[in-house]
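As structure tokens, the structure follows; a few thoughts come after it.
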Amino acid sequence: MVKRSRIVTFILLIVLIGGAMGMTTQTILGNIKLGLDLQGGFEVLYQVKGEDGEEVPPDVVSDTAQALDRRVNVLGVSEPVIQVENGNRIRVQLAGVEDQNQAREILSTEANLTFRDVNDNEMLSGSDLVEGGSTQTFNEENQPIVRLELQSGQKFAEVTQEVLEMGPPNNKLVIWLDYEEGDSYAEEAGKEEPKFISAPNVSEVISTTTPVIEGSFTPQEAQDLADLLNAGALPVELEEVYSTSVGASFGLMAMDQTILAGIIGISLIFLFMIAFYRFPGLIGVLTLSVYIYLILLIFDWMNGVLTLPGIAALILGVGMAIDANIITYERIKEELKVGKPVRQAYEEGSKSSLWTIFDANITTLLAGIVLFYFGTSSVKGFATMLLISIIVSFVTAVFGTRLFMSLWVRSKFLDNKKGWFGVKASEINDYNEEVDSLDLPTRFDRFDFVRSRNKFFALSGVLIVAGLAVLIIFRLNLGIDFTSGTRMDVLADTSLTEETVEEDLAEIGLEASSIVISGENQETGVARFTESLDQEEIAELKTYFQDKYGSDPNISTVDPIIGKELAQNAIYAVAIASLGIILYVSIRFELYMALASVIALVHDAFFIIAVFSILRLEVDITFIAAVLTIIGYSINDTIVTFDRIRENLRKLKLVESKEQLAKVVNQSLRQTLGRSVNTVLTVVLVVVAMIFFGATSILNFSIALLIGLIAGTYSSVFIATQFWYVLKKRELKKKGSLVTYKEKKEWSDEPVV
């Protein structure tokens, strides 16, 4: 008899959850802050330097960060991000800033105000000003001026007295902002745009505490100077080692494209799940919807900043989250094919898949943690979203899906509806307790994977050698993240050509090392410069292209020291992730499985690198994120296969011949291959959608993921398991037999004789 109360409970839960999601989703989306790559903005990384290269104390770095924070407030930027990194660096992120040239100038200006005589002797400095006492106003001719407030009128009188006594034409009080050693009034006085602000004549002794600075100011320039003086001079020198700016139009276009790609990719996954797994697939769609909502909710609670890589991680996470459902559903289908009742099949399938899901998620989690630790700001955003996705997907798949499914299973509504699980009637056997799901025939029984292992090894060997040769000859097409220099992306309202961009750059006296035109209508131009452009050149670039094409270009600069560190961190990240996986798999499984897993991971990573070298695709920092993501995903697939091998070995208990060992490997691969294909297919659907519909800024990232997904599935089936077989066969030859499972001795109160 069908228990309708459980079905009613399910419907009420769906209504309540759906209602809660419907009422709060818009608020959550409104609360989530967008990164500068989605709304436009400016990011800069400063190296804090002391005098003569001396190490800067932490408190001075902290004071400098606070001074920068005060300056950012002047710009009116909402919720800026200012962080101290590595003890002596400060990263500033200003999302939504309208005038990026102004932002860069205000941040980088030291704002060290000095009053000097014509011989460059310092008379007064910023320390003589009253804190927060500078204001922008107008003189009698309605010209913008800056009024200062001094701590001592007497000291100002003494200064003006001394300058007055120097007599014409030397009775000038020269006002400097950021005077540097070697600067000279004598040299600057004849220039059209001198470095000093102004040099008024002193005709009388002045004892006022509110002198003014006059110059050829616009009202905004005068206001900026007053704000800078109020924010305070920076206590140290800041060297710009990395910067990137994103135009608002670029950010909006990237967000729209990536969201569209996400909708298409996720919709394809939903259709696939329902078509292949029928009713459980529908339950999976419901829990995936909850999963997406929970991720956005948690991100809102964390006050996180959503970036373009973060959206990519969310979309990718949906494809990875479905894996847990697929593992469970495949197990349930196996039990149903044995002939077990629906409830028993559901309970045993759920139980046997739990630890497989746990192990697979833990190994992916390790890669995500390493990615977060070694990544830069945008990669940290990707890693954060990826980590949240892994945790939430485990919760929703293990608890959410099972809660919904158990209500239907326990209602007995599905008792005579095994076809609703995607199982054909012809596949269902008569139930026999001696028949185990592991003994069932599969669609892949005609394949002998072990016998063909040498062919797989040879194929991979040829590909690796060919890839290595290409890599040695052509090397990688490294982006500025690793080589240093400047990159500019310009978006035009008409089609561009290389010649057009080249002529534009020549207009402002610049020459690019390479120019690439892309976009559906050839509207995007990318120019690379081998040298890092300075602040004035970047400002000129932005002004020129903004005026000509009506869109702020994206400009990124990287200092050589940053490129070197990124390369080192990438190597460390891959090495540490591999060691972590070896350790975990060794503890949970065995050392040989751990070694085989890492061999497969190295194979996957190298394969991605080789393909990028052959296709001459640019390698940037997101490429490293893609490689580490694939490492996590590939080990996920390998773990599922090894888990089944371990299960089959325990059933066998004792292996005495290499034929038995080969049978276990073949049997396990045949049983899990369908799951591997279905899982990679769901993620590939998302990645392909990102390639065709996503933003161009993550195109290479998406391509790397696609290559890695294919390579990862191949290595899990044809490399990792085959390599493990070779190692175990040697162990078997050495020992004569392998005990794979020991019966636990039951406790007895009887005396032992």
Side-chain angles (χ1 to χ4, degrees), residues 276-277 279-281 283-284 287 321-364 393-406 408-410 414 418 421-423 427-429 431-444 584-585 588-590 593 635-653 663-679 716 721 740-744:
F276 199 84
Y277 292 104
F279 186 76
I283 297 296
T287 54
I322 205 68
D323 180 47
N325 286 320
I326 290 177
I327 291 173
T328 302
Y329 296 161
E330 287 289 343
R331 284 288 198 169
I332 293 172
K333 287 173 68 174
E334 287 177 358
E335 301 297 338
L336 288 172
K337 290 175 183 178
V338 172
K340 293 180 181 178
V342 168
R343 179 167 178 173
Q344 185 180 353
Y346 164 75
E347 290 176 348
E348 293 186 12
S350 298
K351 181 181 177 182
S352 60
S353 63
L354 179 59
W355 279 106
T356 305
I357 297 171
F358 180 81
D359 288 327
N361 278 273
I362 286 293
T363 49
T364 311
S393 69
F394 181 80
V395 172
T396 53
V398 172
F399 299 105
T401 300
R402 296 181 187 208
L403 170 63
F404 293 153
M405 280 296 298
S406 65
W408 283 94
V409 169
R410 295 176 187 277
L414 300 171
K418 293 184 179 181
F421 289 82
V423 180
E427 297 176 324
I428 301 174
N429 295 279
Y431 182 52
N432 184 337
E433 290 186 0
E434 295 181 1
V435 177
D436 191 275
S437 61
L438 300 176
D439 299 318
L440 291 174
T442 71
R443 292 173 291 171
F444 310 103
Y584 182 80
V585 177
R588 285 287 296 137
F589 292 82
E590 64 166 30
M593 286 185 175
I635 193 66
N636 180 314
D637 200 18
T638 304
I639 286 296
V640 173
T641 306
F642 278 149
D643 185 74
R644 185 60 67 95
I645 288 176
R646 181 175 60 177
E647 189 175 347
N648 284 338
L649 284 173
R650 284 178 173 175
K651 178 189 172 187
L652 198 59
K653 298 181 182 178
K663 182 179 179 181
V664 168
V665 173
N666 277 327
Q667 186 182 36
S668 302
L669 284 172
R670 292 163 185 161
Q671 291 163 346
T672 57
L673 189 57
R675 170 263 167 203
S676 297
V677 171
N678 288 347
T679 301
S716 296
T721 50
T740 58
Y741 184 73
K742 293 182 179 180
E743 296 285 353
K744 293 182 180 180

### Query
Counting only N and O atoms by type, is there a donor-acceptor contact under 3.5 Å from the side chain of Arg675 to the main-chain atoms of Glu330?
no
### Query
Is the closest side-chain heavy-atom distance between Ile322 and Thr679 below 4.5 Å?
no
### Message
How close do Thr638 and Ser716 get, counting heavy atoms only, and between which atoms?
### Response
OG1-OG, 2.9 Å
### Nearest-0.5 Å distance, CG of residue Asn648 to CD of residue Gln667
4.5 Å
### Query
Can you name the nearest heavy-atom pair linking Val409 to Tyr346, along with the distance?
CG2-CG, 3.9 Å
### Query
Could you go step by step and tell me if Tyr277 and Asn325 meet the side chain to side chain donor-acceptor pair (under 3.5 Å) rule?
CA-CA 10 Å; Tyr277 292 104; Asn325 286 320; over 6 Å; no
### Message
Looking at every non-hydrogen atom in both residues, tell me the closest pair between Glu335 and Gly349 and how far apart they are.
### Response
CG-N, 4.1 Å
### Summary
Ser353 and Arg331 have their tightest heavy-atom pair at CB-CG, 3.9 Å
### Task
Report the C-alpha separation of Glu347 and Arg410 in whole Å, then their side-chain angles, then the decisive distance to 0.1 Å, and conclude whether the salt bridge (charged side-chain N to carboxylate O under 4.0 Å, His left out) test is met.
CA-CA 10 Å; Glu347 290 176 348; Arg410 295 176 187 277; 3.5 Å; yes
### Point-to-point distance, once rounded to the nearest 0.5 Å, from CZ of Arg644 to CD of Gln671
5.0 Å
### Message
Within the structure provided, determine whether Ser676 and Val640 are in side-chain contact (heavy-atom separation under 4.5 Å).
### Response
no
### Query
Would a 4.5 Å heavy-atom cut-off, applied to side chains only, mark Phe276 and Tyr329 as touching?
no
### Query
So, do Glu348 and Val338 sit near enough that their side-chain heavy atoms are less than 4.5 Å apart?
no
### Message
Does the plane of the ring in Phe358 sit parallel, tilted or perpendicular to the ring in Phe394? Use 30° and 60° as the thresholds.
### Response
perpendicular
### Message
Using every non-hydrogen atom in the two residues, find where Ser393 and Asn361 come nearest and quote the distance to one decimal.
### Response
OG-OD1, 3.8 Å
### Query
Less than 4.5 Å apart, any side-chain heavy atom of Ile645 and any of Val664?
yes
### Summary
One should read off an interatomic distance between Ile362 CD1 and Trp355 CH2, to the nearest 0.5 angstrom, of 9.0 Å
### Query
Is any side-chain heavy atom of Ile639 closer than 4.5 Å to a side-chain heavy atom of Arg588?
no
### Message
What's the separation between atom CG in Asn678 and atom CD1 in Ile327, rounded to the nearest 0.5 Å?
### Response
11.5 Å
### Task
Might you work through the side-chain contact (heavy atoms from CB on, under 4.5 Å) test for Glu647 and Thr356, ending with a clear yes or no?
CA-CA 11 Å; Glu647 189 175 347; Thr356 305; over 6 Å; no
### Summary
In terms of heavy-atom contacts, Ile428 and Leu336 come closest through CG2-O, 3.6 Å
## Note on the structure
Per side chain to side chain contact (heavy atoms under 4.5 Å, CB included), Thr328 is matched among Thr401, Asp323, Val398, Ile357 by Ile357
